[in-house]
Number of protein chains: 2
Amino acid sequence: MNFDIAMERLKSEGFKRTPSREAILRLLEREDRYLSAGDVRKALADQHPKMSQDTVYRNLSSFSEMKILEETELGGERKFRMHCNRHGHHHHFICMECGRTEELDVCPMEQVSRALPSFVIDDHKFEVYGQCPDCRTAG
Amino acid sequence: MNFDIAMERLKSEGFKRTPSREAILRLLEREDRYLSAGDVRKALADQHPKMSQDTVYRNLSSFSEMKILEETELGGERKFRMHCNRHGHHHHFICMECGRTEELDVCPMEQVSRALPSFVIDDHKFEVYGQCPDCRTAG
DNA sequence: TTTCCAATTCGGAATGACTACGATTTACTC
DNA sequence: GAGTAAATCGTAGTCATTCCGAATTGGAAA
């Protein structure tokens, strides 16, 4: 997903095009990794010093609900990144130093479904944490 | 893991045996599912009305560090359960209604390691969320 | 058994992420 | 260009968690 497609999605769902939303989505497109609401605020402090917390949180949540963003919870914080749609379903490796992510194709949910036939499965989370090659050589 | 083994582990690591620690571990052994610090406080309110938050949080964290408990983060809260050691490495299905958990044997980490040879992998999380058979028929 | 001290707990205040809300501003429709 | 609902601002409130100084206590040593 990129900025333009995200803005189209907003329009089609009846959301207004505002400077705040543009700035948040442009940032997330550029960064291409998980950012917290605080990260977003700091990154936009120069260009949008008056953007309130409320605006950041509310928009990140809205974007996540309408699948423009992917969301996870890490270290006690909600984090968001532009939704990748190269493949359909996927999971991520997340570098704990720089936040870089790498898409993973493996997902064991078919096996799980077979193993739990009488359970209703609504959701699942699979994430791998570590150090990316760049941070490893830098460290 | 059960209460007695947990107390042995505490002793061997130089921790004192206190009424708070006994009560917390007895509760977690009995419940056999993920509880938050708040859940623990409420459950112990009758027998230990003066147990402070600090005591609950500090002990849950200590127990988690020394692998007496398993820990996860769910709905913005840290949750803890007695460590299962029937099998070695495993993951959980978690019922979002009653908190019941079911151990899963599948884990795709060998595939992931092969797919990311130049990455350092420190940790991973795989959890499945839904409704257990009891809650399904009850609903 | 008594003494002693570090570990533990208590009580409450501080932190930090997140949410709520009334007042003001703004994007979009007509 | 005017009107209106949506969006934002600023600030205060909530909730989980952590911190801290003072008081208590488990368990080793005398």
Side-chain angles (χ1 to χ4, degrees), chain A residues 3 6-27 34-66 68-69 71-81 99, chain B residues 3 6-27 34-66 68-69 71-81 99:
Chain A
F3 176 83
M7 291 311 297
E8 280 174 32
R9 174 86 51 95
L10 279 185
K11 182 159 197 173
S12 74
E13 304 230 11
F15 284 73
K16 294 180 179 174
R17 180 173 188 128
T18 69
S20 296
R21 289 175 174 159
E22 290 186 9
I24 292 171
L25 288 172
R26 282 226 157 83
L27 172 69
Y34 279 110
L35 297 182
S36 68
D39 294 334
V40 172
R41 271 201 108 192
K42 277 176 219 143
L44 300 180
D46 291 340
Q47 302 291 327
H48 301 264
K50 292 194 310 178
M51 190 184 296
S52 76
Q53 303 184 64
D54 185 275
T55 297
V56 175
Y57 280 106
R58 182 170 25 76
N59 282 319
L60 288 175
S61 291
S62 301
F63 298 164
S64 180
E65 269 179 40
M66 70 182 81
I68 288 174
L69 302 182
E71 181 177 352
T72 191
E73 202 175 330
L74 210 47
E77 273 186 326
R78 293 169 74 190
K79 304 213 169 196
F80 303 85
R81 56 162 295 141
Chain B
F3 176 83
M7 292 310 297
E8 279 174 32
R9 173 87 51 94
L10 279 185
K11 182 160 197 172
S12 74
E13 302 229 11
F15 284 73
K16 294 181 178 173
R17 180 174 189 128
T18 69
S20 297
R21 287 175 175 159
E22 290 185 10
I24 292 171
L25 288 172
R26 282 225 157 84
L27 173 68
Y34 279 111
L35 297 181
S36 68
D39 294 334
V40 172
R41 271 201 107 191
K42 277 175 218 145
L44 299 180
D46 290 339
Q47 302 291 328
H48 301 264
K50 292 194 311 180
M51 190 184 296
S52 74
Q53 305 183 61
D54 184 273
T55 298
V56 175
Y57 279 104
R58 181 170 25 76
N59 281 320
L60 289 175
S61 291
S62 300
F63 298 164
S64 180
E65 268 179 39
M66 70 182 79
I68 289 175
L69 302 182
E71 182 178 351
T72 190
E73 201 174 330
L74 210 46
E77 274 187 325
R78 292 169 73 190
K79 304 212 169 198
F80 303 85
R81 57 162 295 140

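Below, read A as the first sequence line, B as the second, and so on, with proteins coming before strands; counting in each chain starts at 1. The model shown is predicted, which means the values in this text are computed figures rather than measured ones.
Of the residues near DNA chain D, A:Pro49 and A:Phe15, the one whose nearest nucleotide (by heavy atom distance) lies more toward the 5' end is A:Phe15. Annotation: of the two residues near DNA chain D, B:Lys11 and A:Lys50, the 5′-most nearest-nucleotide partner is A:Lys50.
If you take CG of A:Leu44 and C1' of D:dT8, they are 15 Å apart, rounded to a whole angstrom. Across the protein-nucleic acid pair, B:Phe80 atom CZ and D:dA16 atom P stand 14 Å apart, rounded to whole Å. Going from atom CZ of A:Arg17 over to atom C1' of D:dT8 covers 18 Å, rounded to whole Å. Put simply, CD on B:Glu71 is 16 Å from P on D:dA16, counting in whole angstrom units. When the C1' atom of D:dT25 is taken as reference, atom CD of B:Glu22 falls 14 Å away, rounded to whole Å. Spacing between atom CG of A:Leu60 and atom P of C:dT19 amounts to 11 Å, rounded to whole angstrom units. Between B:Gln53 atom CD and C:dA14 atom C1' the separation is 12 Å, expressed in whole Å. In this structure, A:Arg41 atom CZ and C:dT19 atom P are separated by 14 Å, rounded to whole Å.
For the pair A:Thr72 and A:Arg81, the minimum side-chain heavy-atom distance is 4.5 Å or more. For the pair B:Leu10/B:Leu25, a side-chain contact is recorded, criterion being any heavy-atom separation below 4.5 Å from C-beta on. Inter-residue side-chain proximity for A:Leu35 and A:Leu27 is flagged as met; some heavy-atom pair is nearer than 4.5 Å.
Using a 4.0 Å heavy-atom criterion, one finds that B:Ser20 contacts the sugar-phosphate atoms exclusively. Among the heavy atoms of the strands lying under 4.0 Å from A:Ser52 is at least one base atom, whether or not backbone atoms are also near.
An OP1 or OP2 oxygen of D:dT8 is reached within less than 4.0 angstrom by a side-chain nitrogen or oxygen of A:Thr18. Look at B:Arg21 and you'll find a side-chain N or O under 4.0 angstrom from OP1 or OP2 of C:dT8. Between B:Arg58 and D:dC20 there is no side-chain N or O to OP1 or OP2 distance below 4.0 Å. Applying the 4.0 Å criterion to OP1 and OP2 of C:dT19, one finds that A:Tyr57 has every side-chain N and O outside that range.
Residue B:Gln47 places its CD atom among 12 or fewer non-hydrogen atoms of other residues, nucleotides or ligands, all under 6.0 Å distant.
Looking at A:Asp54, its side chain comes within 3.5 Å of the base of C:dC21 through a donor and an acceptor atom.
At distances below 3.5 Å, at least one donor-acceptor pair connects side-chain atoms of B:Arg9 with backbone N or O atoms of B:Met66.
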